[in-house]
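In what follows, every chain begins at residue 1, and chains take the letters A, B, ... in the order their sequences are listed. Values in this document were obtained by computation on a predicted structure and should not be read as measured data.
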Amino acid sequence: MSWLSFAASAGAAVVLATGRVVPALIVMAAGQVLDGLDGGIARVYGLGTPAGARLDTALDRASETLIFLAAGWAGLAPWRIIVLALAAIYLMTSIAERSGLDPGVKRFALYFGLRFPYPLIFTVIFAVNLAAYAIGLLVIDCKFQITMDRLGGDLDTVASRAVALEVRETRKGAR
Amino acid sequence: MTIVTHVLATTLGVQAMELHGSEVALAYAFGIGVDVDHAVKAPFYLKAIGLRDKRGYYWRSSLQEPVALLWILPLCVFLHTLVPLVFFAIHVAMDYSVSFEKMPLYPYSPWVTRGWLLNIPDKVKEVVLAIVLVALNALLFFARR
């Protein structure tokens, strides 16, 4: 299902690259419906696995990359803001699992291009995801602070002790 | 480093680079404002320590670590200015000359480091830097008048 959804997104990218925005958004919507069904089926039938979740995320990012690059190819927005938007999305994704923060402003924002100019849409995507990344880093810091506070200790030694504890717990979880 | 040296260094940078308007705001935001993570950590301090004065609490966050460059660089590209990068780099360089533990790449890496110039006492570094910064600020201010 994830691969079907990706194929639909790839198709949407091809259509978008030719400048046909509305048909591209329709195909993209079909891909997003398939993506949603994929997650729903996994949850209902207990088929979800960490590997499946990682594949889903990787294909989502690949879908966004293709669609955003297609938008650039079609001249819908300057390449600079498209690349920045993609960079912000990748950064946010790199910590989303640990921070629990994903604002969901990616492909979905493109539907608003029917009402607002695409350079503005991509600027919003960049700003929201970059902010989510910076805030996500702070959220992870706060979670780590709880570990440091449990250990007591001072600025001089507590970081290395807390990090050693975190690494041990991560390895235990992986086994 | 303390707020005093950060303010002096940022002001010197603003004068030296002859910044105006929004770039001055960016300089102070990334030269000093990144210390706002102390406010983020304040509830944790209150919960763990209470209202007592405990020196050496870990007030730092990724806002003040090199890992923040991952979002500051794209921001610089977006804003068409290097000011956030320059003043953030100055802030980090100063903090890394103080000998407490730091985690430059957390959460991507558990690497802990104490920074540089560790063979010189922190107080000495702070005082010397403060004197140099005051002198340079005064020099630049009066030279430009």
**Fill in**
In short, A:Ser94 meets B:Tyr108 closest at the heavy-atom pair OG-OH, 2.6 Å
**Engaged part of A:Leu84 at the chain B interface, taking heavy atoms whose separation is under 4.5 Å** = side chain
**Message:** Nearest 0.5 angstrom please: B:Ser62 OG to A:Phe144 CZ, how far?
**Reply:** 12.0 Å
**Item:** Most chain A-contacting option - heavy-atom pairs closer than 4.5 Å, from B:Asp37, B:Thr113, B:Leu75, B:Val40
**Value:** B:Leu75
**Request:** Examine A:Ile95 and A:Leu138 and state if one hydrophobic cluster contains both, with Ile, Leu, Val, Met, Phe, Trp and Tyr joined whenever side-chain heavy atoms are less than 4.5 Å apart.
**Result:** yes
**Asked** Where do B:Phe78 and A:Arg80 come nearest, in terms of heavy atoms and distance?
**Response** O-NH2, 3.0 Å
**Request:** Following the transitive rule for hydrophobic clusters with a side-chain heavy-atom cut-off under 4.5 Å over Ile, Leu, Val, Met, Phe, Trp and Tyr, establish whether B:Leu73 and B:Leu26 coincide in one cluster.
**Result:** yes
**Co-membership, hydrophobic cluster, residues A:Leu59 and A:Val33, 4.5 Å side-chain** = no
**Asked** Given a strict heavy-atom distance threshold of 4.5 Å, which part of B:Lys41 is in contact with chain A: side chain, backbone, both, or neither?
**Response** side chain
**Request:** For atom CH2 of B:Trp116, decide whether the heavy atoms of other residues, nucleotides or ligands shown that lie under 6.0 angstrom number more than 12.
**Result:** yes
**Single-linkage hydrophobic cluster B:Leu79~B:Val24, side-chain heavy atoms < 4.5 angstrom** = yes
**Fill in**
So CZ of B:Phe44 and CD1 of A:Ile146: to nearest 0.5 Å the spacing works out to 5.0 Å
**Prompt:** Has the side chain of A:Asp141 got a donor or acceptor atom that lies under 3.5 Å from a matching backbone atom of B:Ser61?
**Reply:** no
**Item:** Validation row: B:Pro107, A:Leu137 side chains within 4.5 angstrom (heavy atoms)
**Value:** yes
**Asked** Counting only heavy atoms not in A:Tyr111, do more than 12 fall under 6.0 Å of its OH?
**Response** yes
**Message:** Membership question, hydrophobic clusters at under 4.5 Å side-chain separation (ILVMFWY): are A:Phe116 and A:Leu114 in the same one?
**Reply:** yes
